[in-house]
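Nothing here was measured: the structure is a model prediction, and the numbers come from that model.
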Amino acid sequence: MRQRALLGREEERRALAALVEQAASGSGGAVVVLGAPGIGKSTLVAEAAERAASGGTRVITAVGVQSEEHLPYAGLHQLVHQLRDGIDDLPGPQRAALRAAVGLDDEAVPDLYLVGLAALTLLSDAAVKAPLLVVVEDAHWMDRASLDVLGFVARRIESDPLALVAVTRGLDDRLGGGLPVLRLHPLTDEVSGELLDVVAPGLGQQVRRRLLEEAAGNPLALTELPVALQAVGGAYALTPGPLPLTERLERTFTARVSRLPVDTRAVLLLAALNGDGTVDECLAAASRMLGTAVDVAALGPAVEAGLVQAWGMVFRHPLVRSAMHHAATAAERQAGHAALAAELQGQPDRQAWHRAAATAGPDEHAARDLDSTADRALRRGGVAAALAALRRAAELTADPTARADRLLRAAELALESGQCDVAAHLLAQARSLDLSARDQGRAAWVGIALVEGAAQGEGAATAELAELAVGITAGGEPVLGLRMLWGAVLHCFWGEPGPAARRRVAAAVDRMPVDADNADLVALRAYCAPVERGRAVLDALTGQLERSSEDAEGDQLLGGAAVTVGAPALAGRLTARSLNALRAQGRLSMLARALCVQAGSAARLGDVRAGHLAAEEAAELARETGQPLVHAMVHAIRAQLAAVCGDPRA
């Protein structure tokens with residue numbers, strides 16, 4: 001069967017075989033295998049993995065699961081679990097970060113990129129013992145945090161006997177950016193005909209022609225549609241009007257599902273709703289849902305129908321999962337989620353999502369569970385997962401005050417992750433409610449942050465945000481207050497709210513009730529009024545330099561402040577003492593900004609070599625961590641360096 005499915009794929013087979021051989025010889029690499037559903041991606045990679053294993057290469061696999069795409073590091077956990085014996089050998093900070101990320105320790109994850117460093121070290125150490133092939137199936141359904149980590153790893157595989165193959169339906173910058181892509185295109189007409197004749201010999205010409213037309217070169221369609229024809233009598237093959245390929249295939253799978261016994265359909269539905277889950281979970285939930293004992297024998301008819309693998313609760317193809325949704329009513333799906341929620345005791349995040357899916361209207365209990373899930377996701381660095389949980393929690397919330405809080409927290413996270421359209425939509429929903437003074441301030445901060453450039457008439461709003469930040473801080477919330485004040489100050493820095501608004505913002509910074517040597521406050525003065533407050537900022541910076549510091553984030557802020565008030569030598573010294581700590585902590589987003597300051601300081605001092613080195617690293621990190629503004633600033637610094645060197649063309 002596999003050889004049939006791989007007809008016409010010789011070039012792609014050679015490319016994957018070459019990657020595996022490279023890894024075995026100590027020169028690793030990564031590739032993204034891209035193609036439509038059913039095009040043969042998994043079959044192609046499975047063959048390469050079998051060849052690798054037979055040659056002594058260790059193969060480990062992670063599979064993206066649709067129902068777990070909101071659980072941070074769920075995909076990474078699959079890989080780490082297979083290499084868990086090597087975790088204790090990692091350097092201390094990396095070990096702690098990785099254990100926290102995959103839930104082995106209940107600690108906050110310091111930085112996503114420290115998790116990436118830990119994963120890279122773990123994989124590299126394992127590859128030293130035996131060549132290693134990492135296969136990531138259904139990457140399009142993998143959680144965002146795991147994709148970020150795997151992309152980080154894939155771009156750094158160089159001299160280790162390690163290869164990574166990611167299988168996906170669509171490119172994603174987190175995993176696909178900068179990596180070679182192996183695209184699987186539809187089979188040619190000639191190869192399609194050859195495959196169809198092998199799997200379904202003796203078809204009438206009219207039916208054969210229609211199947212080739214509908215399959216459009218898709219190997220799965222060419223092998224599955226003839227089977228479906230036998231099941232339904234073949235009449236619809238001659239009906240006019242082509243259907244989309246995915247819809248047609250899902251209908252063929254649905255036809256098979258509808259003929260299964262009730263307990264088998266229940267188990268398959270629960271498996272579809274539960275990712276692939278475990279057999280025990282699905283059988284127990286099926287028993288609860290049907291009110292009668294369901295055992296492993298219920299899987300037999302599904303295996304015979306070719307819907308699941310004989311060795312466990314694994315669907316033969318993702319379209320089977322889609323077929324289960326089509327075959328079930330909304331009430332059946334809700335009942336399935338409720339049964340799973342009841343069975344998943346001790347797994348609060350999975351339980352929360354299933355309980356939410358089982359709920360049609362407002363439900364504060366389900367909303368609170370998702371709120372807690374969001375908090376846990378943030379502790380593990382899963383901003384996208386936390387955002388999804390808060391959005392769904394807000395939908396389930398009837399109380400206007402609690403709903404506003406969840407909407408605003410979600411808007412802040414959307415803003416943090418660069419999803420401005422989502423943030424604006426959530427902000428509009430929140431503003432439709434009766435907001436408290438505190439929530440009005442939060443909404444104002446999000447609104448200001450969403451404005452890309454100040455236009456005439458927006459200065460008053462900027463100043464009011466700064467003044468509101470002072471009140472929020474005085475009320476006992478300095479973290480929120482400083483964040484709001486940064487929104488107002490950066491609006492002054494990048495835009496032009498007008499002189500009156502600038503004076504009001506500067507006055508608000510002066511009144512901010514925090515310690516005078518607070519790094520945020522010093523930097524805020526510099527960005528808000530670099531000329532008017534320049535002397536005071538320089539005095540504060542000099543005092544900071546004379547004291548030892550273990551605050552890498554604060555030193556990075558102070559370095560930026562020094563550049564802003566025209567003290568590049570001071571900026572270089574302040575920033576330099578943050579670099580090692582930021583590297584050790586894996587805080588690559590902040591490291592990119594610190595290196596940008598370092599490069600800019602060197603350019604102003606005429607230190608071309610140091611400027612080029614810092615700018616090169618800053619540009620790469622800014623691209624990788626999704627900071628286009630930092631990337632643009634690095635380009636400007638490179639232009640300054642070219643000017644210093646007398647190179648007008650560059």
Side-chain angles (χ1 to χ4, degrees), residues 23 26-30 58 60 62 72-134 136 143 145-164 174 378-383 548-556 575-595 598 613-614 617-618 620-621 624-625:
S27 178
R58 183 180 182 184
I60 62 173
Y73 298 111
L76 180 64
H77 182 275
Q78 296 178 48
L79 296 177
V80 170
H81 182 72
Q82 297 168 74
L83 302 174
R84 57 192 180 279
D85 291 344
I87 295 177
D88 289 340
D89 296 329
L90 296 175
Q94 294 184 24
R95 180 175 63 250
L98 190 60
R99 288 181 62 86
V102 299
L104 295 176
D105 288 335
D106 186 20
E107 300 290 341
V109 179
D111 188 275
L112 185 144
Y113 295 99
L114 182 56
V115 179
L117 289 172
L120 179 61
T121 305
L122 184 69
L123 291 168
S124 298
D125 288 351
V128 169
K129 300 173 184 176
L132 182 64
L133 172 62
V134 180
V136 181
D143 64 279
S146 293
L147 278 184
D148 283 332
V149 169
L150 291 171
F152 178 92
V153 169
R155 285 185 285 272
R156 285 165 174 77
I157 297 174
E158 294 176 354
S159 57
D160 294 314
L162 169 64
L164 186 148
R174 290 163 290 171
L378 284 176
R379 284 172 60 80
R380 297 170 63 191
V383 174
S548 62
S549 172
E550 296 180 358
D551 180 9
E553 183 174 352
D555 286 337
Q556 185 266 328
T575 306
R577 67 184 193 180
S578 74
L579 298 180
N580 288 339
L582 293 175
R583 290 186 206 282
Q585 296 165 11
R587 302 173 76 177
L588 300 193
S589 298
M590 193 171 292
L591 179 60
R593 297 194 291 274
L595 286 165
Q598 194 80 343
L613 289 173
E617 187 179 0
E620 175 62 24
L621 290 174
E624 190 163 78
T625 56

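Scanning all heavy atoms of the two residues, the minimum distance from L76 to A119 falls at CD1-CB, 4.2 Å. Across L132 and A126, no two heavy atoms sit closer than the pair CD2-CB, 4.1 Å. Shown here for Q78 and Q82, the closest heavy-atom pair between the two residues is O-NE2, 2.8 Å.
Scanning for side-chain contact (heavy atoms from CB on, under 4.5 Å) contacts around L613 gives R609, with sequence neighbours left out. Applying the salt bridge (Lys or Arg N to Asp or Glu O under 4.0 Å) criterion to E107, with sequence neighbours excluded, gives no partner residue. Partners of T121 according to the side chain to side chain donor-acceptor pair (under 3.5 Å) rule, which considers only residues two or more places apart in sequence or in another chain, are Q94. In this view, T575 satisfies the side chain to side chain donor-acceptor pair (under 3.5 Å) rule with no residue, not counting sequence neighbours. In terms of the side-chain contact (heavy atoms from CB on, under 4.5 Å) criterion, residue partners of E617 (sequence neighbours excluded) are, by chain and number, R583, L591, L595, L621. The salt bridge (Lys or Arg N to Asp or Glu O under 4.0 Å) check on D125 picks up nothing, with sequence neighbours excluded. A search for salt bridge (Lys or Arg N to Asp or Glu O under 4.0 Å) contacts involving R95 returns nothing, not counting sequence neighbours. Scored by the side chain to side chain donor-acceptor pair (under 3.5 Å) test, R99 finds D105 as partners (sequence neighbours excluded). Not a single salt bridge (Lys or Arg N to Asp or Glu O under 4.0 Å) links R84 to another residue, sequence neighbours left out. By the side-chain contact (heavy atoms from CB on, under 4.5 Å) test, L120 pairs with S124, V153, R156, sequence neighbours left out. Legend: residues meeting side-chain contact (heavy atoms from CB on, under 4.5 Å) with A163, ordered by chain and number and at least two apart, are L19, A23, L133.
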Q: Apply side-chain contact (heavy atoms from CB on, under 4.5 Å) to L122 and L79, showing your working.
A: CA-CA 10 Å; L122 184 69; L79 296 177; over 6 Å; no

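For residues 84-108, there are no ring-ring contact (aromatic ring centres under 6.0 Å, His included) pairs, not counting sequence neighbours.
A donor-acceptor pair is defined here as one N or O able to donate and one able to accept, closer than 3.5 Å; such a pair exists between the side chain of D143 and the backbone of G75.
Shown are L147, V115, L588; of these, the side-chain contact (heavy atoms from CB on, under 4.5 Å) with F152 is made only by L588.
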